[in-house]
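Presented below is the structure to which this report refers.
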Amino acid sequence: MAGVLERSYIEICGFERESVLRFRQITLNLGVGLHSGGVKYADSAGGFSYEDSGKLLSVTSNRFVHWSTSGDTVQFVEQSLDTNLLNNAVRLRIPNCLLLPGGVCIQETLNNIIILIVTSQSVHRLVLPHPTRMYRSVSVWTFSIFTDIGKLNLNEPAHSYVLPFAQGTQTTAPSTSAGWISHQGEALFALASPSGAITVVTLPAHDQDGTVSILELKQSSMMQRLAGWMPTAIRGDQSIPDLAISLAVHQLEDDTFIFALCQDHKLRMWSLKHQMCLLVTDMLEYMPAGRGEVKASPALAHKLRLFFSSSIGLCLAIYLAVPKRSQFCVLQLVASENNRYSLDHISTLFTTQETLVDFVLTATDIWAVWLDNDNQTVVKYISFEHNTTGMWNQVFVQPSPEEEVHVGEDQDPREIYLDVLFSPLRFTASAIIKALQSLVAALVTTKRCFQLQGSVTEYEFCQEDYHLLQVEFWSKFYACCLQYQDVLSTPLALHISPATAMVCVLKKGFVSFLLPCFAIDHLYLNPAVSAVISGGLLLDSEMSRDVLQLVHCLRMVNESLPEDMAYEMEKALEDLLSPEKVSEKVLEGLLASDNGNVIQDITNKLQDINNPIVAINMLLRELDLETDAETDSRHTVRISLSQLYGSSVAASLICQAVCQIAMTRTLICRDLLILQQLYLRIGDNVRGSQLLQLQQDLISRCSNLLCTYHLLKQMSLTLSSSVPLDILNADLQHLSVLELSDSTTPTSRRSVLNPQTVVELFYQNVARKAIMSQIFSQQDVEGNQTMLHWPQMISSVLTLLCQFLWPSNPSFLFPECLMLNCQYTQLQEYVRLVGPWCQVNVGSYRFVLGQCYLASGEGQKALQCFQEAAAEVDKEEFLMKLTGSVEEAATTTAPRLLYYNKVLRLLEDIGLPELVIHLATLAISEAANDERIQAALWTRIFKHHLDLGHNSQAYEALTQNPDSSRQLDCLRQLVVVLCERAQLRDLVQFSFVNLHDEVVSIIESRARAVDLMTHNYYELLYAFHINRHNYRKAGTVMFEYGMRLGREVRTLRGLQKQVNCYLAALSCLRLVHPDYAWIVQPSSGAAYERPGTSPKRNYDGEFAANPVSQQIDILELKDLEKEYVLARSRLTLAQQDPPSAAIAGASSQEMVALLVQTGLFDTALTLCQTFNLSLTPVFEGLTFKCIKLQYKGDRDQTEVWNWLAANQLPTVITTKDSSATDEAWRLLAHYLEKYPSQNAQYHRCVLNKLLSHGVPVPDWLLNAYKEVDAAALLRLYLNYDQLESAAELVLEYVDALLGKGHQYFGIARPLSATASLVWLPYTSIDQLLRNLSESQINEKVKYFSLAFVMMPEIFIS
């Protein structure tokens, strides 16, 4: 073998995709004029890395500044791979002052970062605070050193100085420059004068006062110091070949050496201390041939670089730009006594590249960047000490986007081109914006063409032409984007961090990073590999030869594969077709179209492989990232490590590297699969057993690897979705029931890079912390100040990230992260791609797919996925963590039941009761031996059936519940809910087998605990008993309901309901056998003893004594009738007089008085008869009303007519002369006639009332009472001193006894000889006579008196 190659590198672009970097614009106007002659300098760039950028716990770890110059503008950008920097981009413009090559230098002091700028007419010094002296933020954002640059007054002398000798014509402009800070803090600038001298401008330290000094270093070794603003002389005695074309400065002890590579191909070293040239070396002496030819022409493109380390001293690298013979010379500065110096030759390295852009010298290597003949970037490096072959190590630069985009006939050109333009790894935002700005007119035309389809008919403009027109315009725009992207990709410089060995290519529009290339990728990408790869991939020389030959065949397959077949393979992977079958089909196509005998050449190469099976197996082993055990991702991450490689730049960089690796290895697997199919066809140097192994094992493994890397590539190119905050919060609320607290909980911060890919999302939120935990888990971070070596660290990070993404590994962090960040569309696509071939985490994939279906509203599909995942719940780590079975290992609950419980909670939280019922029913079969789980599941089923209005199913679930307490709770809920929904028919018709008493108890408890007017639990209970023909209990319920209504609801409506309740109770008891037509009177207290009521305490806090049991009262049918009549009377009274409805607890006597007072005499009479009360108060009341009407007259008698109408009159008299008074007297007469009494006591009470008020007694009443009891009438007259009326009555009575009008006094047989004896009230008559004799009366009365005196004689005779 020829030797050992170093590891190669790949280039990854670190540009922002979503927007152009925002620069703060600062203009420094010095008031100088433009150089005459139009001097121009090439664009340049450079970088600066902090001294402690390689220390893990440093503020400046992985932090650097890069700049680029163009004309009179320099722009600075500070970047960090650990944190996102605020205010990190500044663009400084100094009008008419062009930036010199090497005109920017950044140096670091303990407290400051000092930027030195050299222009064609001025020098500048910017003093910025050191990051260690700035505010430190532990958040994702950190302030850049450029944050306060706008506060600097750059016109001050401490910051700017105009060169007095550089103004005027082009001949006075410096050609190159260098800058540095002395040990005393002074800022020094070395400028290559066009005269060949080196002018050194010194600015005093920024914190000290002083003057600017200018000195000139000349080859004559004479020095002339110039102070102030103007030099005293500028001599031009030196020839142009002495002009310095590249300057470099190094401070050594107390002196400063200025190295100048001049146009005469000589290297000169100047001592600033001694102001003399100490060394002159002709660089052509190191050229092997052609010195004379080179010496004849001036050097214009030679470059000089320095490197110093304490171990090797000061080394110089000189690039000699000679057409077709360019070379690098590495020299070492050697010091001897008496300040004499010499250069020792270390190495000379040749290169075939022509246009060198920049190169960097390190301790062991030379890194260089060129532009080839096609203007493409070429980056290579070589070890100048240990490389014996002179071979440069390859750097695989980022290829330019493809020049043409394939658009199928069935594809939308707009979608295809937009996907290409905005996918990662292709275009910067700046290129797209510039293309848009330059093609505004074309885009307007394009838009019109897009609108054309809607304005013409298909007969005028067919779909095919429209499709072609779209492709044409989009391709023009795409070509414009390509041009701008090529310009922005032009390399300007290389930057290598001495502390971390990180290599960056600084380009016009962005920065790209060089990452180590893995051995398998290096073999495939590098066509010139013919040596053993360091890293242990190849074991011995024979195996090395076999693997190299195999990889060479893979490259041949790749080169021979037409684009349409490659697209067919890609499409097959996307459509989930079998890679084996598609590769076999592709091979047949290659064989059929093998015009150049390429397949024959591949077959011949395969014949040279001694052991192809072992070589294939070795490649597959290197490609397979499957780990034996699950990667532990639960390490705690210290805050010092939590930000490592956490910036958006690092995330984009690392994830683009993953994408690049996946794309490369997808091609490897594709070509290897085709090659294995070719082996199956030829099989010349493969034995039978090996052929069987190839067919049954290796091809399937290669097919799975192809699918895996295709999956990784697709995920690396898939952008994440920006989820609205309200939807995100809602989804996270639903997902919180999964309780995945120790895993990928989404962070509140959003990546600066937006849109970001899903792999970047995963890296920033989950993988990065897990990766750092694994890398540093075995290291004492605090103790040894771990150094961050970029090639080693980035290789470890990429390997671990790919392992986390590897679907065949037990780790399930990536899909879990997508789920918890609500990237459901991307997750669904991921599961679709991984489903057909991955046999790991099958149940977990089904679960997250179910979650995707839930998010899209496809509940039935989600339920199916959840059911399929249940079979793997005790086998997969994610599902075990989901169910909590790891923590609950000590419990006896089956993992599958825990899983069902978690899914049920998720479905409940989202609000899918039908799915909850379905899954809970399925889970019951799994919980056959666990009554506790069964009870919980039946309770869930009951709840959701009830919520859905499935009353019968809810009742069925209730009856199936094995837990009596839960059953009782469900029963209570069923009763309450159905009552609230007014679905009482369902509740009443349920059979409630073995639950009858519980139902009654629940309804009674609810009835006694809630408001009577808003809930109808009593009516429900009544219907419940009626439905079961339990009429006595139904009557008891309604009677209790009526009692409470009368006591608690003192309104007209309450009285109405009370009357109905008593009537219903009466109806119920009338349906019962008379022997059982009774009920127990309910308790009259306001509180009822209910289940669960807390014990009551007295004033002292002690438990109150149990109430003494009261006597039980039995109510029969007649008692209920009395209560009904009394309640109806109250209702009648309230209807006539609404305020009286508030009267509660009135007895029957009190109610009679109220009725009489209101004028409800019919009702009062009925109440008196029901309770066997005297009717006297009724007649007295009616009599009093008649008296009032008698004296009041017919004025304002509306109220009178109202209460008269409330009583039933015997007849209706409609004559004009009929008045309310007449009707009242008629009503009284009707009552006296309708309600006869013994001895006419009601007549007597009426007469007594009339006489007591001095009202004349109506004749009809006198006649009626005379007929019944004339003697009582006489006594009434006497009692009220009505002597005249009494005398007349006596006379009439005597006449009646004698036979004259005896029928009016109820005398059946008057006095006669044959009749029986008659009775005469002598005592009353005597009393009358006595009164008459004592009174002053007229003649008529005296006559009556004489008649009375003679009356005994008459009767005797």
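Looking at M269 and T281, their side chains never come closer than 4.5 Å, going by heavy atoms from C-beta outward. At a threshold of 4.5 Å between non-hydrogen side-chain atoms, the residues I115 and F48 do not count as touching. Looking only at side-chain heavy atoms (C-beta outward), F64 and S497 stay at 4.5 Å or farther from each other. Annotation: side chain of I245 is not in contact with side chain of L300 (no heavy-atom distance under 4.5 Å). Under the 4.5 Å side-chain criterion, counting only non-hydrogen atoms from C-beta, R63 is in contact with I145. Side-chain contact check for Q79 versus S647: every heavy-atom pair is 4.5 Å or farther apart. No side-chain heavy atom of F143 sits less than 4.5 Å from a side-chain heavy atom of P131. Proximity of H124 to L30: side-chain heavy atoms (C-beta onward) are separated by under 4.5 Å at one or more points.
H130 and Y50 have perpendicular rings, their planes meeting at more than 60° on a 0 to 90° scale where under 30° would count as parallel.
For the residue pair T428 / S430, no side-chain donor-acceptor distance below 3.5 Å is found, with atom types taken as modelled. T351 and S326 share no side-chain donor-acceptor pair at under 3.5 Å. In this structure, a donor-acceptor pair under 3.5 Å is absent between the side chains of T60 and D52. Side-chain contact check for S512 and E11: at least one donor-acceptor pair (N or O, by modelled atom type) lies under 3.5 Å. Side-chain contact, S122 with T119: a donor N or O sits under 3.5 Å from an acceptor N or O.
Ring centroid separation for the pair F189 and Y161 does not come in under the 6.0 Å cut-off. Proximity of the aromatic rings of F328 and F384 is defined here by a centroid distance below 6.0 angstrom, and this criterion is not met.
Shortest non-hydrogen contact noted between A45 and L492 is CB-CB, 3.6 Å. Closest of all the heavy-atom pairs between A368 and L356 is CB-CD1, 3.9 Å. Closest approach of V357 to A493, counting heavy atoms only: CG1-N, 4.3 Å. The minimum heavy-atom distance between T211 and P204, with the atom names listed, is O-CD, 3.7 Å. Scanning all heavy atoms of the two residues, the minimum distance from K507 to L488 falls at CB-O, 3.6 Å. Nearest approach of S53 to A499, heavy atoms of both residues: OG-CB, 3.6 Å.
For Q25, the CD atom sits in a packed shell: over 12 heavy atoms of surrounding residues, nucleotides or ligands are nearer than 6.0 Å. For D209, the CG atom sits in a loose shell: 12 or fewer heavy atoms of surrounding residues, nucleotides or ligands are nearer than 6.0 Å. Around atom CG of D207, more than 12 heavy atoms belonging to other residues, nucleotides or ligands sit under 6.0 Å away.
Taking CZ of R125 as the reference point, atom CD1 of I181 lies at 6.5 Å (rounded to 0.5 Å). Taking CZ of F259 as the start and CG of L267 as the end, the distance is 7.0 Å to the nearest 0.5 Å. In this structure, the separation between CG on L304 and OG on S246 is 4.5 Å, given to the nearest 0.5 Å. The distance from atom NZ of K303 to atom CG of L261, rounded to the nearest 0.5 Å, is 10.0 Å. Note that the CD atom of Q483 and the OG atom of S438 stand 8.0 Å from one another [nearest 0.5 Å]. Separating the CD1 atom in I106 from the CD1 atom in I114 is a distance of 11.0 Å, to the nearest 0.5 Å.
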L203/L116 under side chain to side chain contact (heavy atoms under 4.5 Å, CB included): CA gap, chis, key distance, verdict: CA-CA 11 Å; L203 302 182; L116 304 179; over 6 Å; no
Evaluation steps, side chain to side chain contact (heavy atoms under 4.5 Å, CB included), between W67 and I117: CA-CA 11 Å; W67 64 87; I117 303 175; over 6 Å; no
Side chain to side chain contact (heavy atoms under 4.5 Å, CB included) evaluation trace for C315 with L361: CA-CA 8 Å; C315 291; L361 176 66; 4.0 Å; yes
Worked verdict on N87 versus E78 for side chain to side chain contact (heavy atoms under 4.5 Å, CB included): CA-CA 9 Å; N87 308 315; E78 184 182 17; over 6 Å; no
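For the pairing with D242, the salt bridge (Lys or Arg N to Asp or Glu O under 4.0 Å) check across K266, R268, K218 returns one residue only, R268. Among the candidates L316, I366, I318, the single residue satisfying the side chain to side chain contact (heavy atoms under 4.5 Å, CB included) test with V330 is I366. Here the options are F359, W370, Y381, the test is ring pair (Phe, Tyr, Trp, His ring centres under 6.0 Å), and the partner is W392; only W370 passes.
Distance alone, capped at 3.5 Å, places no donor-acceptor pair between the H66 side chain and the G46 backbone. Under a 3.5 Å cut-off, the side chain of E108 and the backbone N or O of E51 do form a donor-acceptor pair. Looking at N88, its side chain never comes within 3.5 Å of a backbone N or O of S144 through a donor-acceptor pair. In this structure, S70 contributes its side chain and D43 its backbone to no donor-acceptor pair below 3.5 Å. In terms of modelled atom types and a separation under 3.5 Å, the side chain of Q398 and the main chain of S489 share no donor-acceptor contact. Looking at D282, its side chain does come within 3.5 Å of a backbone N or O of L284 through a donor-acceptor pair. Within the 3.5 Å criterion, the main-chain N or O of L98 finds a donor-acceptor partner in the side chain of S120. Put simply, the side chain of D255 gets close to the backbone of K273: a donor and an acceptor are under 3.5 Å apart. Judged purely by atom type and a 3.5 angstrom limit, Q121 uses its side chain to pair as donor or acceptor with the backbone of N96.
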